[in-house]
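Just so it is clear: chains get the letters A, B, ... in the order the sequence lines come, proteins before strands, and each one is counted from 1.
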Protein chains: 2
Amino acid sequence: MDQNVFDDPRITAVGLLVEAYAGLSARFAAQFEEHGLSPVEFEVLTRLARSPNNQLRMTDLAAQTSLSTSGVTRVVDRMERDGLICRRACPSDRRSSFAVVTAAGLSRLDEILPGHLKIIEQWFTGQLDPAQLDGLLDGLRRVRDAVHPGATAGSTEPAGTAGY
Amino acid sequence: MDQNVFDDPRITAVGLLVEAYAGLSARFAAQFEEHGLSPVEFEVLTRLARSPNNQLRMTDLAAQTSLSTSGVTRVVDRMERDGLICRRACPSDRRSSFAVVTAAGLSRLDEILPGHLKIIEQWFTGQLDPAQLDGLLDGLRRVRDAVHPGATAGSTEPAGTAGY
DNA sequence: CAGGGAATATTGTCGTGGCTATAGTTGCTC
DNA sequence: GAGCAACTATAGCCACGACAATATTCCCTG
């Protein structure tokens, strides 16, 4: 058909976003893997570590990550087996259980985070001068606010919904 | 540990990117699904449709998408079963085969693309005034160029490597 | 032109995660 | 307090896709 549809500036814009995102994700994943973590596991670890008492109910963890509740059950299974987090019964509601970061999980995170920040700086924020970066972030914020699924996730933080 | 690590502006920046990307992807996927396509299938269809003769060797298709060669084999299996594309033997190299978009595949794409462009405009490009959009795209381009895996993929186009 | 190494597509096997069903728990209403 | 709807975590089942192994074909070198 019409070959030029794909030259539409809207298509180009999305292509740019997709490629930048994919490239960054790959760099992140490579570093996570050096430390024995998958991207999802890193996401879970950071979500828990930034929550009060380093813990979150399974449901809330699901709401704050890209996973369904059953997906959370499984990744928590794996990470519990690896000693990075553990389950704790909720005293006030016997249906719920908390996922809690262990000391090992926190120290793993400490190993990873400095390198992670370096990678962000090297491939993302450091690629732009401050004004340019501000422009980029303003634009992203605008898009994020427009597209953002729901506000909060019940009990803990008003933090962003989708992962990271 | 130190709660404030997560307030680092680099973390914030990545969080913005991730959330904007996730939100957009979800909108796209929802529309694709209305037309019976997964995101990967849309990616394959567009990649083929924008290639000479609406076809691509399996290997090149893999290089231009987010899939491995075996992944391409399988998605092409499914799409061939659905009549959207078909395989064609390569006359010059009996190891290779082409994936070719069928008429049904092209018309499916024609059904989808207008709505897809609308969604991009509604949730992404239309959220920003022209100057802001330019700033965003410049920044993304910078990051993309830095992070971009490899240049070209052999035979056909010098087009972008990762999907879309 | 015989042989060997590189390239190509496919298949087997496996890990991951979504959807749905399920069992246990809670809180509300009568 | 009994009944019932909503909620919570988990398990069964399935689709998807990566990795490694495999068969075929190509090309280059002697």
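For an aromatic pair to be called close, the ring centres must be under 6.0 Å apart, and B:F42 with B:H116 satisfies this.
Across the protein-nucleic acid pair, A:R94 atom CZ and C:dG27 atom P stand 12 Å apart, rounded to whole Å. Distance CG (B:D93) to C1' (D:dT24): 11 Å, rounded to an integer number of Å. Rounded to whole Å, the distance from CG on A:D77 to P on D:dG12 is 12 Å. The separation between B:D82 atom CG and D:dA15 atom P is 13 Å, rounded to whole Å. Following rounding to the nearest Å, B:D60 (CG) and C:dA7 (C1') show an atom-to-atom distance of 12 Å.
Taking A:E111 as the reference, nothing meets the salt bridge (Lys or Arg N to Asp or Glu O under 4.0 Å) condition, with sequence neighbours excluded.
Of the options A:V100, A:L45, A:L106, A:L56, a side chain to side chain contact (heavy atoms under 4.5 Å, CB included) to A:I85 is made by A:L45 and by none of the others.
You'll find that the side chain of A:R95 is closest to C:dT26, out of C:dT8, C:dT10, C:dT26.
Put simply, the side chain of B:L136 reaches to within 4.5 Å of the side chain of B:F124, judged on heavy atoms.
Contact annotation: A:R57 reaches the phosphate of D:dT8 (side-chain N/O to OP1 or OP2, under 4.0 Å). The phosphate of D:dT10 has OP1 or OP2 within less than 4.0 Å of a side-chain N or O from A:R87.
Among the heavy atoms of the strands lying under 4.0 Å from A:T73 is at least one base atom, whether or not backbone atoms are also near.
At most 12 non-hydrogen atoms from other residues, nucleotides or ligands lie less than 6.0 angstrom from CD of A:E33.
Sorted by first and then second residue, the salt bridge (Lys or Arg N to Asp or Glu O under 4.0 Å) pairs involving residues 67-76 of chain A (not counting sequence neighbours) form an empty list.
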Revision key, fill the gap. With sugar-phosphate taken as primed atoms, P, OP1 and OP2 and all else as base, the protein-contact string of nucleotides 14-19 of chain C at under 4.0 Å (heavy atoms; B, S, -) is --SSBB

